[in-house]
Amino acid sequence: MMQILTEQERIRRQSLVELRNLGIEPYPAAEFKTNRTTTELKDKFKEGEEVTIAGRLMTRRIMGKASFGEVMDSKGRFQCYFNRDVLCEGEDKDLYNKVFKKLLDIGDFIGVTGTTFITQTGEQSIEVKELTVLSKSLKPLPIVKTDEEGNLHDAFNDPELRYRMRYVDLVVNEDVRDTFITRTKVIQSMRSFFNDHNYLEVDTPVLQPIPGGAAARPFITHHNALDIPLYLRIANELYLKRLIVGGFDGVYEFSRNFRNEGMDRTHNPEFTVMEIYVAYKDYNWMMDFTERMLEKVCRDVHEGSVVDFGGKQIDFKAPFQRVTMTDSIKEHTGIDITGKSEEELRAACKEIGIEVDESMGKGKLIDEIFGEKCEHHYIQPTFITDYPTEMSPLCKRHRDNPDLTERFELMVNGNELANAYSELNDPIDQRERFEEQVRLMERGDDEAMFIDQDFLRALEYGMPPTSGMGIGVDRLIMLLTGNESIQEVLLFPQMKPEVFGKQGPELTENEQLVFDILSKAKSMDLNALKEKTGLSNKQWDKSMKGLGKQGLTKVTKTDEGLTVSVVE
RNA sequence: GAUCUCUUAGCUCAGCUGGUAGAGCAAUACACUUUUAAUGUAUGGGUCCUGGGUUCGAGCCCCAGAGGGAUCACCA
């Protein structure tokens with residue numbers, strides 16, 4: 001299909017041809033050796049040095065025989081001064097007059113070599129002696145300008161365009177680049193914390209025959225050679241525990257998980273969770289470990305332990321507050337859930353205005369109360385501990401109370417950030433809990449878990465006491481970069497597919513109809529033609545405009561009236 | 001999935017009661033040898049998201065659809 005070009009795109013393609021005519025290859029193959037980045041230049045600036053940098057030409061201010069432009073590399077921008085007689089020493093001034101002034105555009109990659117100096121207005125600059133075209137850009141970038149007060153003008157800020165064309169977003173919006181640099185730093189900081197403890201980073205299957213370890217709707221795919229369904233993982237928990245059975249002291253994985261559920265500003269179909277399992281530990285140890293890790297990560301990417309999130313100051317300084325779920329519910333609703341039956345809990349829910357249905361068991365009811373009435377109160381990092389057994393089928397029973405489990409969730413800014421257990425390692429109890437999940441599933445709870453027989457077999461071989469923790473990496477990054485939407489911390493968030501090339505140069509049905517009738521006669525009275533087509537006023541009008549625009553027909557006015565003819 | 005809302009030039013946005021489509025930046029041409037949101041003058045650039053309808057006439061009103069955003073439900 002023919003690509004329809006805008007005026008600016010046509011001009012850039014024309015410049016491309018003219019560059020080649022001047023013997024300049026706009027897409028050269030050779031390595032271009034630089035000896036500085038823009039930040040190195042700024043930080044260790046010395047006048048009179050010979051330097052070479054490369055990047056995109058981002059601004060140009062042309063003043064006759066001299067120009068200023070900014071070159072942007074991966075680190076930042078640096079000003080370059082292009083003087084006609086410095087750039088072109090001899091009689092041939094084409095490199096400045098034609099190549100720089102006419103044939104280069106904002107967005108083109110260039111390499112420059114020159115001498116550093118400071119301008120009259122005190123700006124660090126390079127006086128360019130050599131200019132190399134490295135790659136011509138055929139589409140105009142959005143031009144974002146910053147004024148003296150630091151205000152952005154014409155910011156490229158439409159979320160749809162930014163997410164669909166992240167490459168443009170990254171070029172044009174510096175803060176977006178910073179967000180993703182921070183993202184990588186956070187992950188590196190976590191990784192080094194675990195490695196310092198000698199825990200092993202592992203890879204476990206993404207394609208799983210049973211989607212286990214969490215309660216969620218999976219994506220299903222199919223393996224052709226095996227002719228079996230496979231699921232994209234919703235969690236990696238059961239695989240990591242198998243590795244603890246296998247004898248490792250500590251294993252962790254940054255796990256890309258996939259859940260076939262709704263999408264909004266906190267949910268993407270694929271997201272990253274870091275899960276870690278450590279042998280011979282319990283959930284109390286894991287709380288200490290988690291808060292130390294988070295404080296360290298926060299300090300690695302910020303000045304201190306405090307982050308500003310939408311005006312709220314969140315302090316990751318350890319230790320964090322610890323509250324049992326029972327106490328939390330008592331505090332925020334006045335209800336004491338201790339020893340309450342399912343019926344009593346259901347009644348209590350109705351009393352405080354929480355919707356319930358018959359599929360909900362005890363655990364789910366308590367979870368509803370907490371989610372509805374308590375969760376949003378915890379802005380500062382807080383460990384909520386000791387969850388009901390029924391909603392924690394993989395977690396060890398509490399050492400003091402068999403109705404509860406040794407589990408904590410870390411709440412930050414009113415949302416769950418991490419989830420951890422003293423892992424259940426009693427294979428007989430684990431089997432019973434899975435069976436309970438099956439009963440819940442039969443009652444209509446579509447989040448209940450499947451039974452993983454191989455996992456049970458692994459437990460039967462014996463797993464040491466173990467504590468495990470999972471932390472939502474994307475959500476942590478959101479907190480640490482001040483972004484309220486998950487799309488802002490994912491390079492390529494999931495979106496509905498874009499429709500390309502929906503309009504070609506072909507004629508619409510109505511245009512074709514008009515054109516066919518007209519082609520036979522070559523020329524016709526306008527009103528006669530209109531009548532013959534039988535089109536409504538609007539359809540007629542639209543078709544004629546369309547044909548005229550494509551230069552296929554012409555309307556001429558004579559004394560007798562309007563005549564339409566085919567353009568030969 | 002529900003509700004509200006948005007979609008106009010490459011980008012950011014105006015557009016009156018329904019009457020020939022606008023600005024700034026970007027682009028093109030000219031001027032200008034230290035500018036910095038460079039400046040001045042001139043010029044070009046549009047499927048007003050798509051498809052129907054109402055109307056003499058629709059960017060604007062009505063219906064249907066697409067895509068985005070926000071809120072909600074579900075979830076992490």
Side-chain angles (χ1 to χ4, degrees), chain A residues 4-12 14-15 59-70 77 79-86 96 101-102 105-107 117-123 125 127 138-164 168 172 214-217 234-235 257 259-273 355 371 409 415-419 446-447 470-476 478 484-487 495-499 502-503 508-510 536-539 541-542 545-546 549-550:
Chain A
I4 297 167
L5 299 176
T6 65
E7 182 192 35
Q8 293 195 42
E9 289 172 312
R10 284 196 302 272
I11 289 165
R12 284 177 181 230
Q14 186 55 42
S15 299
T59 63
R60 269 193 317 173
R61 296 181 284 277
I62 297 175
M63 294 153 298
K65 294 171 194 158
S67 305
F68 286 92
E70 280 177 319
R77 296 179 180 206
Q79 177 169 282
C80 296
Y81 173 62
F82 301 86
N83 181 300
R84 187 189 67 185
D85 298 319
V86 174
Y96 181 77
K101 277 172 73 174
K102 305 284 182 196
D105 290 289
I106 287 174
F117 77 108
I118 292 193
T119 64
Q120 285 179 6
T121 50
E123 183 82 7
S125 304
E127 186 178 53
L138 296 182
K139 277 188 178 291
L141 286 169
I143 307 292
V144 181
K145 291 192 172 178
T146 313
D147 66 19
E148 287 163 352
E149 285 106 52
N151 301 314
L152 284 182
H153 296 264
D154 304 324
F156 181 62
N157 56 11
D158 180 336
E160 175 171 10
L161 292 175
R162 287 183 45 234
Y163 301 155
R164 286 197 194 280
V168 174
V172 147
R217 293 215 304 274
I234 54 173
N257 294 347
R259 298 192 184 174
N260 204 342
E261 284 159 355
M263 292 165 58
D264 58 36
R265 71 180 208 292
T266 55
H267 296 86
N268 195 65
E270 52 184 298
F271 61 103
T272 305
V273 172
E355 278 184 46
E409 283 194 2
N415 288 308
E416 179 195 338
L417 181 63
N419 183 18
D446 58 0
E447 294 171 9
I471 183 165
V473 172
D474 306 306
R475 295 216 171 147
L476 177 62
M478 286 162 68
E484 308 217 20
S485 141
I486 196 170
Q487 283 82 11
M495 303 200 84
K496 285 207 185 181
E498 191 174 355
V499 180
K502 62 185 165 190
Q503 73 271 349
T508 67
E509 217 170 288
N510 288 336
S536 73
N537 283 342
K538 183 158 195 154
Q539 288 168 330
D541 188 58
K542 203 154 194 142
K545 278 180 183 163
K549 196 158 207 165
Q550 293 180 47

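Every heavy atom of this structure was used, including side-chain atoms; hydrogens, water molecules and symmetry mates were not. Residue numbering restarts at 1 for every chain, and letters A, B, ... go by the order of the sequence lines.
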Between B:rG69, B:rA27, B:rG68, which one does the side chain of A:D105 approach most closely? B:rA27
Quick check for you: among B:rU12, B:rA26, B:rA76, whose closest atom lies nearest to any side-chain atom of A:L161? B:rU12
Hey, is the side chain of A:E7 pairing donor to acceptor with the base of B:rA27 inside 3.5 Å? no
P gap between B:rG19 and B:rA58, integer Å: 11 Å
If the condition is ring-ring contact (aromatic ring centres under 6.0 Å, His included), which residues does A:Y96 pass it with, not counting sequence neighbours? A:F100
Identify, with sequence neighbours excluded, every residue that meets ring-ring contact (aromatic ring centres under 6.0 Å, His included) alongside A:F68. A:Y81
What nucleic acid atoms does A:R10 come within less than 4.0 Å of, heavy atoms only: base, sugar-phosphate, or nothing? nothing
Is any NZ, NE, NH1 or NH2 atom of the basic residue among A:R77 and A:E70 found under 4.0 Å from an Asp or Glu carboxylate oxygen of the other? yes
Going 5' to 3' through nucleotides 30-37 of chain B, assign each nucleotide B (protein heavy atom under 4.0 Å from a base atom), S (under 4.0 Å only from sugar-phosphate atoms) or - (no protein heavy atom that close). S-BBBBBB
What residue among A:L417, A:V273, A:T272 forms side chain to side chain contact (heavy atoms under 4.5 Å, CB included) with A:R475? A:L417
For A:N157 and B:rG69, give me the distance from atom CG to atom P, rounded to whole Å. 13 Å
Work out how far the C1' atom of B:rU54 is from that of B:rC63, and round it to whole angstrom. 11 Å
Distance below 4.0 Å between A:R259 side-chain N/O and B:rC74 OP1 or OP2: no
Who pairs with A:E484 by side chain to side chain contact (heavy atoms under 4.5 Å, CB included), at least two apart in sequence or on another chain? A:F309
B:rG52 and B:rU41, which share atom name C1', separated by this distance in whole Å: 47 Å
Please state the C1' separation for the pair B:rA66 and B:rU50 - nearest whole angstrom. 7 Å
Is the closest side-chain donor-acceptor distance between A:S485 and A:Q487 under 3.5 Å? yes
At under 4.0 Å between heavy atoms, what does A:Q8 touch on the DNA or RNA strands: base, sugar-phosphate, or nothing? base
If the C1' atom of B:rU36 is compared with that of B:rC30, how far apart are they to the nearest Å? 23 Å
Is the side chain of A:E261 donor-acceptor paired with the backbone N or O of A:R217 at a distance under 3.5 Å, no angle test? yes
Using a heavy-atom cut-off of under 4.0 Å over every strand shown, decide if A:N260 touches base, sugar-phosphate, or nothing. nothing
Report the distance from atom CD of A:E484 to atom C1' of B:rU71, rounded to the nearest whole Å. 14 Å
Between B:rG10 atom C1' and A:R12 atom CZ, what is the distance in whole Å? 9 Å
Taking both distances under 3.5 Å as the test for a Watson-Crick or G-U pair, what stems of at least three pairs does RNA chain B have? B:1-7 with B:66-72, B:10-13 with B:22-25, B:27-31 with B:39-43, B:49-53 with B:61-65
In terms of side-chain heavy atoms of A:R265, which of B:rG69, B:rA70, B:rU12 is nearest? B:rA70
From C-beta outward on A:I11, which listed nucleotide comes closest to its side chain: B:rG68, B:rA76, B:rU28? B:rU28
Just the rounded figure in Å: distance from P of B:rU28 to CD of A:Q14. 12 Å
How is A:D264 classified with respect to the nucleic acid when contacts are heavy atoms under 4.0 Å: base, sugar-phosphate, or nothing? base
Which residue, A:T59 or A:P497, contacts RNA chain B at a nucleotide closer to its 5' end, judged by nearest heavy atom? A:T59
Is there a side-chain contact between A:V172 and A:V144 (heavy atoms, below 4.5 Å)? yes
B:rC13 to B:rU28 separation - P atoms, rounded to the nearest Å: 24 Å
Length of the NZ-P vector between A:K139 and B:rC11, whole Å: 9 Å
For A:E409, enumerate each residue passing the side chain to side chain contact (heavy atoms under 4.5 Å, CB included) test, keeping only those at least two apart in sequence or located in another chain. A:Y387, A:R407, A:M411, A:E416, A:N419
Can you check whether A:A216's main-chain N or O pairs, donor with acceptor, with A:R259's side chain at less than 3.5 Å? no
Quote, to the nearest angstrom, the P distance that separates B:rA37 from B:rA26. 12 Å
What is the separation between atom CD1 on A:I143 and atom P on B:rG10, rounded to the nearest whole Å? 14 Å
Nearest whole Å is fine: how far is B:rG68 C1' from A:E160 CD? 5 Å
How long is the line joining CD of A:E9 and C1' of B:rG44, in whole Å? 16 Å
Counting distance only, does the side-chain N/O of A:T121 pair as donor-acceptor with the main-chain N or O of A:T119 below 3.5 Å? no
On a whole-Å scale, what distance lies between the P atoms belonging to B:rC4 and B:rG57? 31 Å
